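Below, chains carry the letters A, B, ... as their sequence lines are ordered, and counting in each starts from 1. These numbers come from a predicted model, not from an experiment.
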Amino acid sequence: MTQSIVVQVGQCGNQVGCRFWDLALREHAHVNKKGIYDEALSSFFRNVDPRNGGGGPDITGGRITSLKARAVLVDMEEGVVNEILQGPLREVFDSTQLITDVSGSGNNWAVGYQTYGSAYREQIVDTVRRAAEHCDCLQCFFLIHSMGGGTGSGLGTRVLNLLEEEYPEVCRIVTSIYPSAQDDVITSPYNSVLAMRELTEHADCVLPVENQSLVDIVKKIQHMVHSGKMGSVIKKDTTITSGQGCVSGTEKPFDAMNNIVANLLLNITSSARFEGSLNMDLNEIGMNLVPFPRLHYLVSSLTPLYTLADVNVPSRRLDQMFTDAFSKEHQLIQADPKHSLYLACALMVRGNVQVSDLRRNIERLRPTLPFVSWNKEGWKTGLCSVPPVGHTHSLLALANNTCVKPTFVELKERFVRLYRRKAHLHHYLHVEGIEQACFSDALSSLTSLIEEYEQLDATKGRLIPDAPRLNIAL
Amino acid sequence: MSVVAVQLGQCGNQIGQQLFSVINSDSNGANRKTYKECSDERFFYENSKGDLVARSVLFDMEPKVISQAITKASKSGKWKYGETAHFCQKQGSGNNWANGFSVHGPRHEEVMTDLVRREVERCDRLAGILPMMSVAGGTGSGMGTYVTQCIRDMYPNSFIFNHLTWPYCTGEVIVQNYNSVLTLSHLYQLSDAILVHENDTVHKICAQLMNIKHISISDVNKVIAHQLGSVLQPAFTEHSLSSYSRDPIGELLCSLVCHPEFKLLSLCNIPQMCSSSLAYSAFKWPGLLKHLRQMLIANAKMEEGIDWKVCVPSVDKSAGEMARNKRHVGFNTSLANLLILRGKDVSTADTGAFKDSGMYAPWLPAGGTFSAWNTSVPFNGYEKSATIVSNSQSLLRPLDNIVKKAWNMFASRAYIHQYTKFGVSEEDFLDCFTTLEQIISSYTHP
């Protein structure tokens with residue numbers, strides 16, 4: 001069994017990360033009734049002797065003594081991390097896993113990337129190395145950060161670079177939270193575009209998540225709960241939106257939204273943690289979904305929605321779950337994959353679903369979805385036998401689809417609007433090592449990324465003849 | 001003589017476990033003492049505690065599937081795997097053939113070849129080696145190819161008979177066509193024969209003949225194991241009429257692979273049905289063989305939906321080319337066929353219809369390319385059953401599809417960077433494409 005390390009950077013990254021640890025603990029507690037430290041648990045947790053306070057060696061096999069998250073928490077202010085340390089999750093982290101400062105990055109990518117990136121470089125590398133040394137087969141880093149602010153976007157992408165330098169063989173999957181258009185951080189377009197260049201060059205896969213989509217999904221879930229039509233009740237044991245059944249008792253404002261992202265991470269790793277008749281390992285994600293190295297932005301959707309809400313909506317037909325996964329409303333970014341071009345698509349199913357259900361639904365949906373000419377049958381599937389807590393089945397669809405383009409185009413426009421007037425630029429240029437070329441390079445990186453998607457998108461609906469085959473002389 | 005199985009990757013390990021389970025339960029049926037002795041010698045050995053142990057080694061790059069296979073086997077209480085006959089690592093090949101072939105294979109070569117050697121040396125006489133794997137993923141296909149290459153180097157004169165599972169056309173692995181092209185082109189140089197099962201075909205059998213509503217991977221694998229078992233279990237051959245053949249792989253290859261350019265084998269069998277309707281069905285040999293022959297010439301892998309309009313073209317020497325051109329579009333030309341009959345009254349079965357020269361490529365000597373094996377011992381609960389292993393055009397279309405899709409993808413250079421990362425270059429790809437185009441061309445004009 002392999003292990004993964006979660007690196008959570010900035011306020012948003014740490015909030016999402018904590019929801020992930022909370023839900024992961026709950027999921028393992030649900031599956032692992034005997035309290036034995038098993039292989040599945042070992043992928044994200046160490047088992048240590050509590051007397052050594054996490055500093056001692058790992059205990060393999062046998063009963064759970066004290067679980068420590070394979071995590072590195074980075075923030076340049078103390079608020080969120082302190083809250084975590086006083087909260088119910090304090091047991092799973094110890095102080096050696098934390099890197100904090102007091103003054104924050106002031107919503108400035110350059111401060112996060114350059115100032116803190118240089119000042120904390122050694123400490124970050126050491127902390128990550130300690131976590132890595134506790135793994136006997138480190139497969140993947142999950143980086144969680146936001147794009148709009150200073151620490152998440154700046155220091156987050158700097159951490160990504162460090163991971164690539166130190167562990168070139170280990171897969172880097174980045175979950176990036178993109179700001180909404182009405183973001184109150186005025187410099188968020190700068191921060192996002194500067195961060196995008198790093199993501200495009202140094203990540204293996206990026207799972208973009210837009211704030212606005214999370215807001216919409218939470219609204220829809222609340223509507224499902226409050227409409228009360230179908231006699232929906234909040235399940236006691238399985239609640240995510242309400243926070244019940246989790247270690248943390250009370251709900252915080254962004255918990256519902258952060259839970260959705262945490263669920264994305266739980267589902268993407270489920271097949272690597274649990275058994276299934278069609279395993280899908282983490283290194284298969286990039287291999288199957290990334291045809292060209294730069295085009296590694298994967299649009300995700302989670303269905304059924306009530307697995308996110310844990311409300312007791314009568315389960316609709318299994319097939320509806322597959323249909324929903326392709327609808328606009330279920331995507332974690334504001335995009336319409338059905339009307340754009342699929343380069344590749346993965347279906348990661350959990351629970352009581354058979355290969356015949358998969359086949360039937362792929363056959364049913366295939367004619368309605370435009371795929372790139374050279375990958376008409378670009379489907380990857382995984383079946384994991386352990387469903388999410390309290391549910392019979394669930395589906396995570398990951399698509400490499402040109403529908404990410406509008407999000408990037410919009411981001412670029414907002415960037416250009418500021419950049420044309422050189423607004424706020426001096427805040428960045430003050431920082432040592434930042435020149436205006438950083439901005440123009442980031443812009444051209446994004447422009448060419450958009451162009452690459454554009455070129456592929458333009459082939460949609462066009463009849464592309466088969467490539468002429470090699471001839472064999474008879 | 002004994003066969004050593006090499007189970008590779010998720011698919012190879014799942015099917016391998018099913019195969020040994022089918023073989024063992026079939027051999028434990030009533031009234032089959034010598035049959036059981038022969039089968040046991042072929043596929044199992046007895047350890048010091050008297051347990052029946054499969055002559056098999058299990059390789060995978062991740063532990064989950066192997067531990068499942070070992071547990072299932074020992075739970076049967078009838079047989080088990082050798083205690084140290086397996087090797088696994090922690091991290092899979094990530095669907096990347098190049099990772100399996102260029103990284104994992106060489107890195108673990110010594111351990112794996114030692115395990116194979118130990119199993120081979122345990123045999124009094126080696127009939128052949130049976131590597132089992134899928135062509136879609138990374139470990140089975142990539143590392144499987146590498147291991148087959150090592151076995152070929154170690155045993156240049158032994159028979160290697162590969163069993164391959166071809167993936168569903170859609171939805172297993174996106175780079176499956178690349179992985180298939182790389183696997184097939186390499187194995188074609190290493191293996192003596194390649195027996196292929198297509199998941200799509202077997203899935204249809206599960207749905208239409210076995211009446212399974214929710215088909216699981218294990219249902220598909222059970223059908224594959226059943227079909228394979230019906231070939232590999234003991235039978236009387238033309239060279240051993242009074243005792244069970246001692247050289248099953250050798251005789252199979254001798255019957256089917258007459259030319260190194262043609263070594264792709266497919267398989268169909270009859271009857272195939274769910275056990276509940278089996279009890280209410282009665283079969284007669286002429287009916288079974290008539291259907292099976294039509295399945296062969298019309299290239300239908302199952303009884304349902306055979307095209308009965310397809311017929312064997314008449315061989316008229318004076319018409320020559322003309323007669324060949326008049327062949328029905330769906331007609332499946334054979335190079336060699338091996339018919340295996342198992343069950344009651346098998347001596348009354350007339351197999352003459354399979355000897356028709358019109359079924360075979362014109363350059364073959366008349367009557368020289370058909371063989372039949374039989375035994376009166378019924379197989380795996382079927383009172384009568386017939387299996388045909390065929391070296392024919394039947395895999396031409398699926399092979400052509402694989403190459404076509406891979407070539408289209410290659411034309412846009414999609415995913416190539418994932419392979420070059422592990423040392424498989426664009427030129428390597430081109431070489432593999434050339435090899436396969438050559439095979440396609442040969443089978444198109446047999």
Flag the pair B/His86 / B/Phe59 as yes when their ring centroid distance falls below 6.0 Å, and as no otherwise. no

Could you check which of A/Thr2, A/Leu470, A/Asp281 has the highest count of heavy-atom pairs closer than 4.5 Å to chain B? A/Leu470

Salt bridge check: are A/Lys405 and A/Glu452 linked by an N-O gap of less than 4.0 Å? no

Would you say the rings of A/Phe292 and B/Tyr415 are close, in the sense that their centroids are separated by under 6.0 Å? no

Could you tell me whether A/Arg273 and A/Glu39 have a side-chain N and a carboxylate O separated by less than 4.0 Å? no

Using a heavy-atom cutoff of under 4.5 Å, enumerate the residues of residues 94-101 of chain B that contact chain A, numbered in order, or state 'none'. B/Gly94, B/Asn95, B/Asn96

List for me each residue that meets ring pair (Phe, Tyr, Trp, His ring centres under 6.0 Å) alongside A/Tyr453, sequence neighbours excluded, and say none if there are none. none

Side chain, backbone, both or neither: which part of B/Asn199 has an atom under 4.5 Å from a heavy atom of chain A? neither

What about the rings of B/His108 and B/Phe87, do their centers lie closer together than 6.0 Å? yes

The interface call for B/Gln91 against chain A, heavy-atom contacts under 4.5 Å, is both

Picking from A/Asp136, A/Leu347, A/Asp357, A/Leu295, which has the most non-hydrogen pairs under 4.5 angstrom with chain B? A/Asp136

Those residues at least two apart in sequence (or on a different chain) that pass side-chain hydrogen bond (donor to acceptor under 3.5 Å, both in side chains) with A/Ser270 are none

Would you check, one step at a time, whether the test side-chain hydrogen bond (donor to acceptor under 3.5 Å, both in side chains) holds for B/His104 with B/Ser93? CA-CA 8 Å; B/His104 288 148; B/Ser93 305; 3.0 Å; yes

Would you say the side-chain atoms of B/Gln68 and A/Glu275 include a donor-acceptor pair closer than 3.5 Å? yes

Heavy atoms only, distances under 4.5 angstrom: which of B/Glu62, B/Gln14, B/Gln89, B/Lys405 has the most pairs with chain A? Name it, please. B/Lys405

Just so I understand: if I count every heavy-atom pair under 4.5 Å between each of B/Val220, B/Ile215, B/Ile174, B/Val403 and chain A, which residue has the most? B/Ile174

Partner set under salt bridge (Lys or Arg N to Asp or Glu O under 4.0 Å) for A/Glu451, not counting sequence neighbours: none

A/Thr200 versus A/Tyr297, side-chain donor and acceptor atoms under 3.5 Å: yes

Determine whether A/Trp374 and B/Phe410 satisfy the following criterion, ring-ring contact (aromatic ring centres under 6.0 Å, His included), listing intermediate values before the conclusion. CA-CA 8 Å; A/Trp374 41 261; B/Phe410 186 69; over 10 Å; no

If you count heavy-atom pairs within less than 4.5 Å of chain A, which of B/Gln438, B/Lys213, B/Gln418 leads? B/Gln418

With a 4.5 angstrom heavy-atom cut-off, is it the side chain or the backbone of A/Phe371 that approaches chain B, or both, or neither? neither

Heavy-atom distance under 4.5 Å to chain A: side chain of B/Ile440, backbone, both or neither? side chain

Pick one of side chain, backbone, both or neither for A/Ala346, based on which atoms fall under 4.5 Å of a heavy atom in chain B. neither

Looking only at heavy atoms and a cut-off of under 4.5 Å, which of A/Ala467, A/Ser277, A/Pro293 has the most pairs with chain B? A/Pro293

Counting heavy-atom pairs under 4.5 angstrom with chain A, the leader among B/Lys64, B/His417, B/Met409 is B/His417

Options A/Arg360, A/Glu284, A/Met287, A/Arg366, ranked by heavy-atom pairs under 4.5 Å with chain B, top entry: A/Met287

Report yes if the side chains of B/Thr444 and B/Leu396 come closer than 4.5 Å at any heavy-atom pair, otherwise no. yes

Relative to chain A, which segment of B/Tyr178 carries a heavy atom at a distance below 4.5 Å: side chain, backbone, both, or neither? neither

Chain A: which of B/Ser412, B/Gly92, B/Cys88, B/Gly137 shares the most heavy-atom pairs with it under 4.5 Å? B/Ser412

